[in-house]
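Position 1 is the first residue of the sequence; numbering continues from there. As a basis for the values below, the full set of heavy atoms in this structure was taken, side chains included, without hydrogen atoms, waters or symmetry mates. Quick caveat: nothing in here was measured; it's all calculated off a predicted structure.
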Amino acid sequence: MNTTVLLRVNGREWGGWTSGRIAAGIERIARDFNVQITRSWPGDESQVSRRSRIKKGDKVEVLIGDDLVITGWVEATPVRYDANSISMGIVGRSKTADLVDCSATPSQYNGRSIVQVAADLARPFSINVVDAGGVSGVLQGVQADQGESVMDVLNKMLGLQQALAYDNAAGDLVIGGIGTIRATTALVLGENILTCDSEQSIKDRFSSYQVSGMRAGNNDDFGEATTTAIRGTATDTGIARYRPLLVRQTGNATSETCAERSEFEMRQRAARTDEVTYTVQGWHQGDGKLWQPNMLVNVFDPVLGFDNREMVIAEVTYQQDENGTTSELRVGPADAYLPEPAKPGKRKKKVAAEDDF
């Protein structure tokens, strides 16, 4: 399997890096890369050529063998040297990095889906939005305020609909659900797991969660029901002592969205306890395909008590240096990234007949 890292810039491919790191994940909008080449003095003409032909701001495609993994921009060309050697690097991020860094145009969005709003926000940056499914319905109201980044506005919507937003290899913004593809290779202690790192912490978990919010009123809908009475609660039975958390819902809240958000907070925080980072040899699975974020993978790790536990790969970091070629996989239960709270029952509103008046 080809583990050569190539940078395609200005119609030419560059390789031969002495070290490299490429990272992608479902909790970030922009992938990033960092490749370096180090040579002993005296100067190397190939390094001079690279530096003169790859400039900050250039569009770049990053490939692992024949697989495209990042489409974005060169953001830095660091140089470091001492009396013995010189190191030159190329650093960059996905096209979607602009959505993280840049301000959104102040706007009000009503009655539109999260994909439609995201497409409107990304359009000035010439970034496509991909609907990966798993998200439906329209938003009551979302506002891009002065000074907010596009990512800030997206986070408002993600919190309301528990959706994922991340990028793909083409530099598109993807909106969708959890676990869109399945890994063909399991993570197994004693076979392909080299190292494990897990905090197994409950410091961010609470015994109870209460979410409250408001919605705009009108002539027929006003008063307490639109201000403080809209709330939802959830309890984490895994936390024995008294540890309450109060959360304010954004946007035009309803009893249903508050209930969903309280369940979201409880389930996500509980699932984070089982989040683990594994290191495996190589960048490919047994079938030759790269490890990818948002894959469902089965984990066999008796040390942590995982017996064929289905996890989601939240982040993949491909690394290559003098120690070899490895993949760092951060995995966790699906609830850690996109919980699916139970839908509260809908209560039919009583319609009064004319004889009641």
Side-chain angles (χ1 to χ4, degrees), residues 1-17 19-37 50-51 53-78 88-102 104 115 118-133 149-151 154 163-176 180-181 283-285 288-295 313-320 325 327-329:
M1 287 172 283
N2 192 341
T3 59
T4 301
V5 177
L6 297 175
L7 267 57
R8 188 179 290 154
V9 183
N10 300 325
R12 181 171 178 179
E13 292 184 350
W14 300 88
W17 313 103
S19 66
R21 176 187 175 279
I22 304 166
I26 59 176
E27 292 189 297
R28 57 161 71 197
I29 281 188
R31 304 176 178 209
D32 63 74
F33 72 93
N34 184 336
V35 295
Q36 294 186 0
I37 187 165
R50 289 167 198 260
R51 185 164 177 78
R53 297 198 182 193
I54 302 179
K55 297 181 174 60
K56 296 176 284 291
D58 280 346
K59 186 174 181 179
V60 60
E61 292 179 319
V62 183
L63 300 94
I64 293 177
D66 295 326
D67 294 311
L68 178 68
V69 289
I70 293 180
T71 302
W73 308 103
V74 174
E75 295 187 314
T77 53
M88 293 183 178
I90 308 295
V91 177
R93 289 184 293 169
S94 168
K95 289 164 57 179
T96 50
D98 289 340
L99 305 183
V100 179
D101 302 339
C102 300
V115 174
D120 192 76
L121 292 168
R123 190 173 297 111
F125 303 93
S126 299
I127 292 173
N128 296 322
V129 174
V130 176
D131 183 355
S149 68
V150 176
M151 184 68 220
L154 288 172
L164 291 179
Y166 54 97
D167 68 332
N168 62 17
D172 303 324
L173 176 66
V174 181
I175 305 291
T180 56
I181 50 179
W283 294 343
H284 299 82
Q285 303 174 74
K289 295 181 179 179
L290 290 169
W291 292 105
Q292 296 280 4
N294 212 19
M295 274 184 168
I313 300 178
E315 185 156 352
V316 179
T317 302
Y318 311 105
Q319 300 182 110
Q320 191 172 62
T325 301
S327 295
E328 192 176 85
L329 309 176

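Under the 4.5 Å side-chain criterion, counting only non-hydrogen atoms from C-beta, Glu328 is not in contact with Val316.
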*Output, in order, the C-alpha distance, side-chain angles, deciding distance and verdict of side-chain contact (heavy atoms from CB on, under 4.5 Å) for Thr77 and Ile90.*
CA-CA 5 Å; Thr77 53; Ile90 308 295; 4.0 Å; yes
*Applying side-chain contact (heavy atoms from CB on, under 4.5 Å), run through His284 and Lys289 and close with a yes or a no.*
CA-CA 5 Å; His284 299 82; Lys289 295 181 179 179; over 6 Å; no
*Between Asp32 and Arg21, does a salt bridge (Lys or Arg N to Asp or Glu O under 4.0 Å) hold up when you go through it step by step?*
CA-CA 8 Å; Asp32 63 74; Arg21 176 187 175 279; 2.9 Å; yes
*Go through Leu99 and Leu121 one step at a time and tell me if the side-chain contact (heavy atoms from CB on, under 4.5 Å) criterion holds.*
CA-CA 8 Å; Leu99 305 183; Leu121 292 168; over 6 Å; no
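Here the CD atom belonging to Glu315 is positioned 15.5 Å from the CH2 atom belonging to Trp291, to the nearest 0.5 angstrom. Note that CD of Glu13 and CG of Leu7 are 9.5 Å apart. Values are rounded to the nearest 0.5 Å. Going from atom CG of Asn34 over to atom CH2 of Trp17 covers 10.0 Å, rounded to the nearest 0.5 Å. Ile175 contributes atom CD1, which lies 8.5 Å from atom CG of Asp131 (distance to the nearest 0.5 angstrom).
Of the charged side-chain nitrogens involved, none lies within less than 4.0 Å of a carboxylate oxygen, so that Arg93 and Asp167 do not count as a salt-bridged pair. Ionic pairing of Asp58 and Arg53 is not present here: no N-O contact between side-chain nitrogen and carboxylate oxygen is shorter than 4.0 angstrom.
Tested against Phe33 for a side-chain contact (heavy atoms from CB on, under 4.5 Å), the candidates Val69, Val62, Val91, Val5 yield a single pass: Val62.
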